[in-house]
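Order of listing sets the numbers, starting from 1, for every ligand and every atom in it. Positions are given from 1, in the same order as the sequence printed here.
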Amino acid sequence: MDKIRIVGGNRLDGIIPISGAKNAALPLIIASLLTDERLTLENVPRLRDVSLLNRILSNHGVDYSLNGKRPGEDHLTGQTIHLTAREIVDTCAPYDLVSQMRASFWVIGPLLARCGEARVSLPGGCAIGPRPVDLFIAGLEAMGAAIDIEAGYVVARAPGGLRGGRYTFPKVSVGATHVLMMAATLAKGETVIENAAREPEVADLARCLVAMGAKIEGAGTATIHVQGVPRLHGATHRVLPDRIETGTYAMAVAMTGGDVTLTHTSGDLLRNALDALAATGTSVADVAEGLRIVRDPASPIHPVDVVTEPYPGFPTDLQAQFMALMTRAAGVSRITETIFENRLMHVAELARLGARIDVDGRTARVTGVPRLVGAPVMATDLRASVSLVIAGLVAEGETTVSRVYHLDRGFERLEEKLSRCGAVIERISGEGMR
Ligand code: EPZ
């Protein structure tokens, strides 16, 4: 298995291009199941999760192809993919595929809406908590689906098609909002989704569905209205920028000090996180190309408390990265995780680098230290892994981060983007090493 080796101590200066959003690309790819015509997606990040999902969808009958790189195109430019589900050949999503990627459970919405049936494996637990699917089931039932759990599978049937309904989420869920919105596009009549997730990725999916002929209003707010239509058609859609990648690099620059412009992105996608970053004493400026992040390495990092919340609150997907930054703050900060039950596992690994963190329930109390020292570390999820990279960038000496496949799920050419700005970071091929 590959590792990432970092020698800490350099500031970051330069330009980092931000990729298309993983968490928008995944539901957009799944939306291709809703039509027999071609869906073209531009600015798709080159990530392991994306290629895995394409393979999973080919099981259901989706043909996909990639545009080759055009002459003169920077290899950091996103890819264009074409997806066509002319015919759904299988409405079953088996355990061995769904267990590899939780988001593939979301095929349940489009399959049920288009074919009147779906049999999708329960995804099971994952490293950041149990992550149940009760909200998906209740929402689809509100649209007339009959749902049973049989031998580890969610079996959903709507032989006469789904019908519009009203569903109020008792708890905000990004995935269940995506699924209900997709399912409602082909239902008979109007569906109203209340207490919907307001994440920019939900609004991006809605924009694509509207381009495919869907009638949706309110996506990006807590109430979404969908007027069902008999069929959707092909479209071309550009994936919005990755706000989590944006925030991650912004926090890396705050950590090391330096002056970096993040291009192809917008601060409007992550205002809350950027406000927290500005409160640490980092300069955050909206510029024509995206965002400019500047911090004098000699100035102190102020401690700032954050609590993760659904959008537009502080994102859980930036919690680990912010904690890494706080390990070097001049004082004590409190970081509270409210979205997932088990998402503080980076604490023990950050401690291996010399961080002082005490966990009490869902809150981590971080006492900033003047120095971190490099060490071998590993993490069990994507965002936790990248928090260790951020810490490694300032740790004295060498840090090696193993289980790099987590990073490859969600960060496109991470080591290249950082090394172009002056970091000493490289991938070591794992052949022969453990
Ligand atoms: C999405 O996951 C993201 N994944 C996650 O990003 C992100 O952390 C999360 O939203 C929250 O922002 C993708 O977009 C592919 P949820 P999702 O349903 O949709 C509970 C990353 O690192 N819940 O909003 O699975 C659930 O257990 C990933 O890129 C139920 O109780 O998250 C959690 O506590 C990790 N019942 C809360 O809701 C349900 O039926 C929010 O989860 C569904 C969810």
For Arg86, is the CZ atom crowded, meaning more than 12 foreign heavy atoms sit under 6.0 Å from it? no
Starting from the C-alpha separation in whole Å, work towards a yes-or-no answer on side chain to side chain contact (heavy atoms under 4.5 Å, CB included) for Leu388 and Arg352. CA-CA 10 Å; Leu388 300 173; Arg352 291 175 50 72; over 6 Å; no
Arg102: numbered ligand 1 atoms lying under 4.0 Å from its heavy atoms: 25 (O)
Numbering the atoms of ligand 1 from 1, which are under 4.0 Å from a heavy atom of Phe136? 40 (O), 43 (C)
At a 4.0 Å threshold, what atoms of ligand 1 neighbour a non-hydrogen atom of Thr316? 8 (O), 11 (C), 12 (O)
Per-atom contacts, ligand 1 versus Ile339 - under 4.0 Å to a heavy atom: 33 (C), 34 (O), 37 (C), 41 (C)
Does an N or O anywhere in Pro132 fall below 3.5 Å from an N or O of ligand 1? yes
Strictly by salt bridge (charged side-chain N to carboxylate O under 4.0 Å, His left out), give each pair with a member in residues 157-186 just once, sequence neighbours left out. Asp148-Arg157, Glu150-Arg157, Arg166-Glu194
Test side-chain contact (heavy atoms from CB on, under 4.5 Å) applied to Thr282 and Leu325, Ile293, Leu274, Val253, the passing residue: Ile293
Between Leu135 and ligand 1, does any nitrogen or oxygen pair lie at a separation below 3.5 Å? yes
For ligand 1, is Arg343 a contact, meaning one of its heavy atoms is under 4.0 Å away? yes
Looking at non-hydrogen atoms alone, which of Val202, Asp134, Leu26 comes nearest to atom 36 (N) of ligand 1? Asp134
Please say whether Arg383 places an N or O atom under 3.5 Å from an N or O atom belonging to ligand 1. yes
May I ask you to check whether Trp106 has an N/O atom sitting below 3.5 Å from an N/O atom of ligand 1? no
Could you point out which residue of Glu415, Arg427, Met378, Met1 forms a side-chain contact (heavy atoms from CB on, under 4.5 Å) with Val404? Arg427
Any Lys22 heavy atom less than 4.0 Å to ligand 1: yes
